[in-house]
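When reading the values below, keep in mind they use all heavy atoms of this one structure, side chains included, and skip hydrogens, waters and symmetry mates. When a ligand or atom number is given, it counts from 1 through the structure's own listing order.
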Amino acid sequence: MQLLPGFRDFYPEDCSLRNYTLSIWREVAARYGFLEYDGPALEPVELYKKKSGGELVGQLFDFVDKGERHVALRPEMTPTLARMVAARERDFKKPLKWFCAPTFFRYEKQQRGRLREFIQLNCDILGDASPAADAELLALVIDVLRGFGLGPQDFVVRLSDRDAWMQFALGKGVPQERVLEFLGLVDKLERTSEAESVRKLADFGIELGAVRAFIANPSLETTKLQGILADLAARGLSDFVQVDLTIVRGLAYYTGLVFEVFDRGGKERALAGGGRYDGLLELMSDGKVKMPALGFGMGDVVLANMLDEIPAAKAMRDAWLAKRRPAEIYVIIADDTRRTEALGLIQTLRNAGLRTDYSLASTKVGKQFQAAETLGAEFAVVVGAEWPSVKVKTLATREERLLPVEGLAAALRA
Ligand code: HAM
């Protein structure tokens with residue numbers, strides 16, 4: 001039986017790598033005062049058809065369930081979050097700073113950096129319309145990546161403003177109902193041939209040259225970007241950001257600030273993306289709840305590719321993994337008549353919180369030492385003729401000591 005395309009098995013070593021990613025995500029989000037939440041993996045398909053829009057609608061894993069409901073596996077978190085917050089808006093102090101890191105599904109063409117099942121960190125701030133919130137969220141996305149040992153030479157946050165593009169489109173006579181379609185063209189400009197872009201823009205009566213000129217001369221005065229950049233400069237984070245109006249984002253709900261994070265080498269797809277969606281909660285609550293919001297999503301796939309290739313980041317990850325070896329202590333039963341005492345000792349060590357392993361089958365001492373080495377244990381504790389003392393061997397240095405069983409856990413910890 002083959003794995004479905006775009007899906008992954010997680011063997012223990014893959015789980016360790018995923019745990020590394022999750023631990024940094026959670027640690028940095030907590031450092032910024034974000035609270036963790038979650039929602040269902042399955043939602044009514046309408047949630048995404050009406051609220052996500054854009055490319056995502058064509059990438060849904062959707063089906064009709066046994067109760068005749070048309071449902072979809074979640075491709076993103078934002079519509080769910082908007083629904084959750086709108087439903088209990090009065091219960092929360094503003095601004096809300098929430099994060100989650102679950103699994104998502106998109107029926108995308110499998111390619112480097114894009115799978116059909118992936119995990120994604122989502123961080124969102126709701127209930128604050130100020131540029132201070134925009135800057136806070138951008139500082140967070142930067143610090144999350146710095147948490148993995150990446151620096152300004154490795155990645156860049158490309159900032160843009162959808163409002164500026166809306167004004168451009170309306171100013172060029174694009175009818176309101178076709179603005180999203182126009183933004184979709186701009187979003188794909190870098191990935192589309194020049195001839196095709198010229199043809200598609202002609203349908204809106206706009207020349208490619210005019211779009212390029214607008215991108216080349218972003219007038220910051222008309223946007224909130226200046227204030228955001230000043231805030232980031234105060235934090236010493238200017239090297240990580242750059243204004244780039246080619247970014248418009250493929251999802252329908254974005255309103256103001258939008259951004260994407262890329263590797264400096266330009267080899268990978270986007271590492272993260274996000275922006276403001278000030279109208280989504282209102283849309284979700286039929287006009288009852290008006291709440292500005294913004295956030296970003298960061299997937300694990302491109303991130304893992306980058307960590308593999310950047311030596312400083314890889315070394316940091318490997319050091320983290322080495323500290324989480326499966327066993328710190330391996331108990332070697334040298335004299336099988338002492339098995340009962342050995343089991344008692346193993347239990348005592350485990351009760352004391354020490355990661356302790358041993359051979360389930362009685363086997364040669366040499367083989368037990370080999371198993372201890374393979375697991376990367378720090379100490380081998382040899383139960384034999386010396387009982388009620390044991391030989392404790394530090395595996396890295398081969399140094400050996402005789403220690404009493406009484407108080408062994410504390411001695412090993414020290
Ligand atoms: P998105 O740009 O669709 O935004 O996805 C954000 C990130 O998720 C991407 O930059 C990428 O790292 C990862 N990602 C997306 N699709 C895939 C895939 N097929 N395989 C692997 N990784 C993937 C959103 O999802 C928005 N809901 C983010 C957001 C949160 N906006 C506001 N709050």
Side-chain angles (χ1 to χ4, degrees), residues 4-8 18 21 25 29 34 37 39 43 47-48 51-61 72-85 96-126 133-134 136-138 140-141 144-145 148 150 155-158 160 162 184 187-188 247-263 268-281 284 291-307:
L4 287 168
F7 286 79
R8 290 173 286 183
R18 185 173 61 181
T21 302
W25 282 353
F34 279 62
Y37 72 99
E43 289 270 24
L47 186 70
Y48 307 113
K51 316 300 180 201
S52 306
E55 272 178 341
L56 255 187
V57 175
Q59 298 172 341
L60 292 172
F61 268 98
L73 287 169
R74 60 180 163 201
E76 63 152 339
M77 201 66 192
T78 315
T80 299
L81 173 65
R83 174 175 56 69
M84 285 170 66
V85 174
L96 285 76
K97 300 198 287 181
W98 286 10
F99 82 96
C100 68
T103 303
F104 296 94
F105 303 86
R106 293 186 191 183
Y107 201 90
E108 278 203 66
K109 202 165 95 206
Q110 198 186 335
Q111 54 195 296
R112 185 173 167 84
R114 291 291 179 268
L115 296 173
R116 289 182 177 169
E117 183 186 19
F118 56 96
I119 55 170
Q120 189 197 62
L121 168 70
N122 275 259
C123 296
D124 292 82
I125 302 177
L126 299 102
D134 301 52
E136 175 78 351
L137 189 84
L138 289 166
L140 172 57
V141 76
V144 168
L145 292 169
F148 288 94
L150 300 172
F155 73 91
V156 60
V157 184
R158 292 158 70 186
S160 178
R162 253 207 200 192
D187 182 45
K188 293 203 185 61
I247 305 292
V248 286
R249 306 277 296 139
L251 293 155
Y253 47 65
Y254 290 116
T255 47
L257 169 82
V258 281
F259 59 93
E260 287 186 353
V261 186
F262 286 91
D263 64 305
E268 310 284 350
R269 310 254 347 219
L271 254 168
R276 271 209 171 268
Y277 49 97
D278 286 345
L280 189 59
L281 275 89
M284 199 63 81
M291 201 193 289
L294 81 157
F296 70 81
M298 176 189 296
D300 64 320
V301 185
V302 174
L303 179 64
N305 290 345
M306 278 188 76
L307 300 187

Backbone or side-chain N or O of Tyr277 under 3.5 Å from ligand 1 N or O: no
From CA spacing to verdict: side chain to side chain contact (heavy atoms under 4.5 Å, CB included), Asn122, Leu81: CA-CA 10 Å; Asn122 275 259; Leu81 173 65; over 6 Å; no
Worked verdict on Leu96 versus Ile125 for side chain to side chain contact (heavy atoms under 4.5 Å, CB included): CA-CA 6 Å; Leu96 285 76; Ile125 302 177; over 6 Å; no
Heteroatom proximity flag, Met77 to ligand 1, N/O under 3.5 Å: no
Ligand 1 atoms in contact with Asn122 (distance to a heavy atom under 4.0 Å): 30 (C)
Side chain Arg162, main chain Tyr254, donor-acceptor under 3.5 Å: yes
Atoms of ligand 1, numbered as shown, that sit under 4.0 Å from any heavy atom of Thr78: 26 (C), 27 (N), 29 (C), 30 (C), 31 (N), 32 (C), 33 (N)
Glu260, portion touching ligand 1 at heavy-atom distance under 4.0 Å: neither
Tyr253 side chain reached by Asp278 side chain, heavy atoms, under 4.5 Å: no
Test salt bridge (charged side-chain N to carboxylate O under 4.0 Å, His left out) applied to Glu43 and Arg83, step by step: CA-CA 11 Å; Glu43 289 270 24; Arg83 174 175 56 69; 2.5 Å; yes
Short N or O distance, Arg116 and ligand 1, threshold 3.5 Å exclusive: no
Any Val302 heavy atom less than 4.0 Å to ligand 1: no
Selection from Lys109, Arg249, Arg114, Met298 by shortest heavy-atom distance to atom 9 (C) of ligand 1: Arg114
Sidechain N-carboxylate O distance under 4.0 Å for Arg112, Glu268: yes
Subset of ligand 1 atoms that lie under 4.0 Å from at least one heavy atom of Leu271: 10 (O), 12 (O)
contact_flag Gly113 ligand 1 heavy-atom lt 4.0 Å: yes
Structural part of Asp124 in contact with ligand 1, heavy atom criterion under 4.0 angstrom: side chain
Phe61 CZ: over 12 foreign heavy atoms closer than 6.0 Å: yes
Salt bridge present between Arg249 and Asp187 (N-O < 4.0 angstrom): no
Arg158 to Phe262, cation-pi by 6.0 Å centre distance and 45° axis angle: yes
Closest protein heavy atom to atom 27 (N) of ligand 1, given as residue, atom name and distance to 0.1 Å: Glu76 OE1, 2.5 Å
Test: Arg8 and Glu117 ion pair at under 4.0 Å: no
Main-chain N/O of Phe155 paired with Asp263 side-chain donor or acceptor, under 3.5 Å: no
Enumerated ligand 1 atoms positioned under 4.0 Å from heavy atoms of Gly273: 10 (O), 28 (C)
Proximity of Leu251 to ligand 1 by residue part, where a heavy atom lies under 4.0 Å: side chain
Any N or O of Leu115 closer than 3.5 Å to N or O of ligand 1: yes
Which residue and heavy atom of the protein sit nearest atom 25 (O) of ligand 1, plus the separation: Arg106 NH2, 2.9 Å
Contacting atoms of ligand 1, where contact means under 4.0 angstrom from a heavy atom of Gly295: 30 (C), 31 (N), 32 (C), 33 (N)
Heavy-atom nearest neighbour of atom 17 (C) of ligand 1 within options Phe118, Phe259, Phe104, Tyr107: Phe118
Close N or O approach (Leu294, ligand 1; < 3.5 Å): no
Gln111 versus Arg269, side-chain donor and acceptor atoms under 3.5 Å: yes
Arg116 charged N/C atom sitting above Tyr107 aromatic ring, 6.0 Å / 45°: yes
Protein heavy atom at shortest distance from atom 6 (C) of ligand 1: Gln120 NE2, 3.2 Å
Any Arg114 side-chain heavy atom under 4.5 Å of Val302 side chain: yes
Closest to atom 26 (C) of ligand 1 among Phe296, Phe99, Tyr254 (heavy-atom distance): Tyr254
Numbered atoms and elements of ligand 1 in range of Tyr253, under 4.0 angstrom, heavy atoms: 26 (C), 27 (N)
Element-labelled atoms of ligand 1 that are located less than 4.0 Å from some non-hydrogen atom of Gly297: 6 (C), 7 (C), 28 (C), 29 (C), 30 (C)
